[in-house]
S.K.: 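Sharing a structure below in structure tokens format, with a few things to ask.
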Amino acid sequence: MQEKPFCLRVGHLLPYSMSNSNTTDLTNASTFILLGIPGLEAAHVWISIPFCAMYAIAVLGNFTILSIVKMEPSLHGPMYYFLCMLAVTDLVLSTSILPKTLSIFWFNSREIDFSACLTQLYFIHCFSVMESGFFVAMAFDRYVAICHPLRHSTTLTNPMVAKIGLAVVLRGGMLVMPYVLLARRWPYCRTNVIPHTYCEHMAVVKLACTDIRISSYYGLSVAIWVTGLDMIFIAISYIQILRAIFSLPTKDAQVKTFGTCSAHLCAILSFYIPAIFSSLTYRFGHHVALQFHVLIANVYLLVPPMLNPIIYGVRTKQIRDRLLQLFTHKGMKFFSWCTASQTKLHAELAGDMVLGRLP
């Protein structure tokens, strides 16, 4: 691997040539090179299999949630609106990284235009912040529904749900915008090679040949304050929910409600723990193996979109019942069609035999 040190501003990035057998020479002054998972190049095709499986489940599951909520008027309520917002966020988040990641794994297509790189960076971090916000909104909805059920319909009206959703979207868009604005102004003269599968914020700005402490401190502040405050709000909500659960009169009701809340907490932790690990590793985890870090950074963008439809959707009785009803109805229609077709065929054969058309 050869690097040609030549200091230049954004839009005129370092020409880079790679001499190993898995890469091609690239000399383009406006591109970055994504390496995929460094050290695991030989296993890229095998790694793509679970990645594809997770993405397929995420797409199928989230589209199913959106379709069921749209078709069923009884599901037009705050909880399901927030669930749909989370589903859209998951679809955008996983789609932001996987197509390019698979092009690296399958076709060795490692180039990415600088503007495309910044666009990907923005979408990844913006929708990550939005996902965190929707977890808070859903925790608040569950808190009101369980702890103050009589006030739920008056507190979380449709206009209030729309305002909360808009606030979450604006927060994500505004907080992440400085990431892109700062990254665009830095001079890049060390290399244009990113040892990652996608354009992660710190992976990009670390290539700049200037003092990037503003970007680093701002990114760390967003990670701490957004993630930290959101986790505090979620923790407070679920502590109150658990207190309400253990005051329920019957053991069965306690176990059932506790099981649902535990599943929700697992989904939330599957997002926050890898996200925090990835953010802190860039700044403090100098002894963490690079391939392990990159794998974790992919996991937190692929696993939650796969788990959320299962945990929030399939484990929700109304959605599960509607899904079973849908498949049962389709199965009955198919069985009726097969029976009718068979009856019609038998009638035609009997008529042919009467008319002497068959031996």
Side-chain angles (χ1 to χ4, degrees), residues 48-72 75-105 112 116-139 141 161-162 164-173 175-176 197-201 226 230 263-264 266-272 274-275 278 297-316 319-320 322-323 326:
S48 70
I49 297 174
F51 278 25
C52 279
M54 287 188 285
Y55 182 67
I57 295 171
V59 171
L60 179 62
N62 285 294
F63 271 119
T64 301
I65 295 293
L66 293 171
S67 300
I68 289 177
V69 173
K70 181 181 179 182
M71 290 187 301
E72 185 58 51
L75 299 181
H76 293 176
M79 174 184 175
Y80 304 102
Y81 289 147
F82 286 136
L83 185 58
C84 288
M85 295 176 194
L86 183 68
V88 172
T89 303
D90 283 336
L91 287 170
V92 175
L93 196 57
S94 55
T95 304
S96 296
I97 68 161
L98 199 72
K100 183 59 184 176
T101 299
L102 293 181
S103 72
I104 296 170
F105 288 172
I112 184 168
C117 185
L118 291 186
T119 301
Q120 187 186 52
L121 183 155
Y122 180 78
F123 271 85
I124 289 168
H125 291 281
C126 175
F127 279 85
S128 294
V129 174
M130 286 168 55
E131 176 131 347
S132 180
F134 287 128
F135 279 137
V136 176
M138 294 176 73
D141 171 75
V161 170
I164 293 173
L166 181 62
V168 170
V169 172
L170 290 177
R171 184 187 73 154
L175 285 177
V176 175
T197 56
Y198 59 85
C199 292
E200 204 274 343
H201 173 235
V226 170
D230 286 357
H264 290 185
C266 289
I268 291 168
L269 292 176
S270 72
F271 173 78
Y272 281 114
S278 180
N298 282 273
V299 162
Y300 97 87
L301 296 181
L302 290 174
V303 171
M306 175 188 69
L307 290 180
N308 290 339
I310 299 172
I311 292 176
Y312 286 105
V314 176
R315 288 184 64 91
T316 302
I319 292 180
R320 184 174 65 248
R322 185 68 180 87
L323 190 61
L326 184 66

S.K.: What distance separates His76 NE2 from Cys84 SG, expressed to the nearest 0.5 Å?
M.R.: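 So the gap between those two atoms works out to 8.0 Å.
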S.K.: Taking the side chain as everything from C-beta on, heavy atoms only, tell me whether Met85 gets closer than 4.5 Å to Val168.
M.R.: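 Heavy-atom side-chain distance check fails, nothing below 4.5 Å.
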S.K.: Quick one, Phe105 with Thr197, criterion side-chain contact (heavy atoms from CB on, under 4.5 Å). Give me CA distance, side-chain angles, the key distance, then yes/no.
M.R.: CA-CA 9 Å; Phe105 288 172; Thr197 56; 4.1 Å; yes
S.K.: What closest approach, in Å, do Pro99 and Ser94 show between heavy atoms, and which atom pair accounts for it?
M.R.: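 Shortest heavy-atom contact: CD-O, 4.5 Å.
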S.K.: To the nearest 0.5 Å, what is the distance between CZ on Phe127 and CG on Asp90?
M.R.: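 Spacing of CZ (Phe127) from CG (Asp90) equals 11.0 Å.
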S.K.: Can you tell me how far CG of Leu86 sits from CG of Asn308, rounded to the nearest 0.5 angstrom?
M.R.: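 Output value for this atom pair is 4.5 Å.
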S.K.: Which atom names give the shortest non-hydrogen contact between Met306 and Met54, and what distance separates them?
M.R.: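 Nearest heavy atoms, Met306 then Met54: SD-CG, 3.6 Å.
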S.K.: Distance check, rounded to the nearest 0.5 Å: Tyr55 atom OH versus Ser48 atom OG?
M.R.: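 Going from the OH atom of Tyr55 to the OG atom of Ser48 covers 14.5 Å.
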S.K.: For residues Cys199 and Ile112, determine if any side-chain heavy atom of one lies less than 4.5 Å from a side-chain heavy atom of the other.
M.R.: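 Yes, side chains in contact.
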S.K.: Okay, side chain of Ser132, backbone of Val129: is any donor-acceptor separation there less than 3.5 Å?
M.R.: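 No: the side chain of Ser132 does not pair with the backbone of Val129.
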S.K.: Taking Leu121's backbone N and O only, do any of them form a donor-acceptor pair with Tyr198's side chain (distance below 3.5 Å, no angle check)?
M.R.: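 Not a single qualifying donor-acceptor pair exists.
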S.K.: Taking His201's backbone N and O only, do any of them form a donor-acceptor pair with His125's side chain (distance below 3.5 Å, no angle check)?
M.R.: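 Checking the backbone N and O of His201 against the side chain of His125, a donor-acceptor pair under 3.5 Å is found.
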S.K.: Give the C-alpha distance, both sets of side-chain angles, the deciding distance and a yes or no for side-chain contact (heavy atoms from CB on, under 4.5 Å) between Leu91 and Phe63.
M.R.: CA-CA 9 Å; Leu91 287 170; Phe63 271 119; 4.1 Å; yes
S.K.: Quick one: pull up CG in Asp230 and CD in Glu131 and give me the separation to the nearest 0.5 Å.
M.R.: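 Going from CG on Asp230 over to CD on Glu131, the span is 11.5 Å.
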S.K.: Please assess Ile124 against Ile97 for the test side-chain contact (heavy atoms from CB on, under 4.5 Å), listing each intermediate value before the final yes or no.
M.R.: CA-CA 8 Å; Ile124 289 168; Ile97 68 161; 3.4 Å; yes
S.K.: What heavy-atom pair brings Leu93 and Ser128 nearest, and what distance separates the two atoms?
M.R.: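 Closest heavy-atom pair between Leu93 and Ser128: CD1-OG, 3.6 Å.
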S.K.: side-chain contact (heavy atoms from CB on, under 4.5 Å) between Thr95 and Phe123: does it pass, once the steps are laid out?
M.R.: CA-CA 10 Å; Thr95 304; Phe123 271 85; over 6 Å; no
S.K.: Please report the closest heavy-atom contact between Ala297 and Tyr300, naming both atoms and the distance.
M.R.: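 Closest heavy-atom pair between Ala297 and Tyr300: O-CD2, 3.3 Å.
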S.K.: Measure the shortest side-chain to side-chain distance between Met130 and Arg171 over non-hydrogen atoms and say whether it is less than 4.5 angstrom.
M.R.: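 Sidechains of Arg171 and Met130: no contact.
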S.K.: Check the angle between the aromatic planes of Tyr272 and Phe135 and answer parallel, tilted or perpendicular using the 30° and 60° thresholds.
M.R.: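 Answer is tilted, since the angle falls between 30° and 60°.
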S.K.: Where is the tightest heavy-atom contact between Ser270 and Pro304, given as atom of each residue plus distance?
M.R.: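 Minimum heavy-atom contact is O-CG, 3.8 Å.
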S.K.: To the nearest 0.5 Å, how far apart are CG in Asn298 and CZ in Phe51?
M.R.: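 Going from CG on Asn298 over to CZ on Phe51, the span is 4.0 Å.
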S.K.: Looking at every non-hydrogen atom in both residues, tell me the closest pair between Val69 and Leu75 and how far apart they are.
M.R.: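 Scanning both residues completely, I find the closest heavy atoms to be CG1-O, 4.0 Å.
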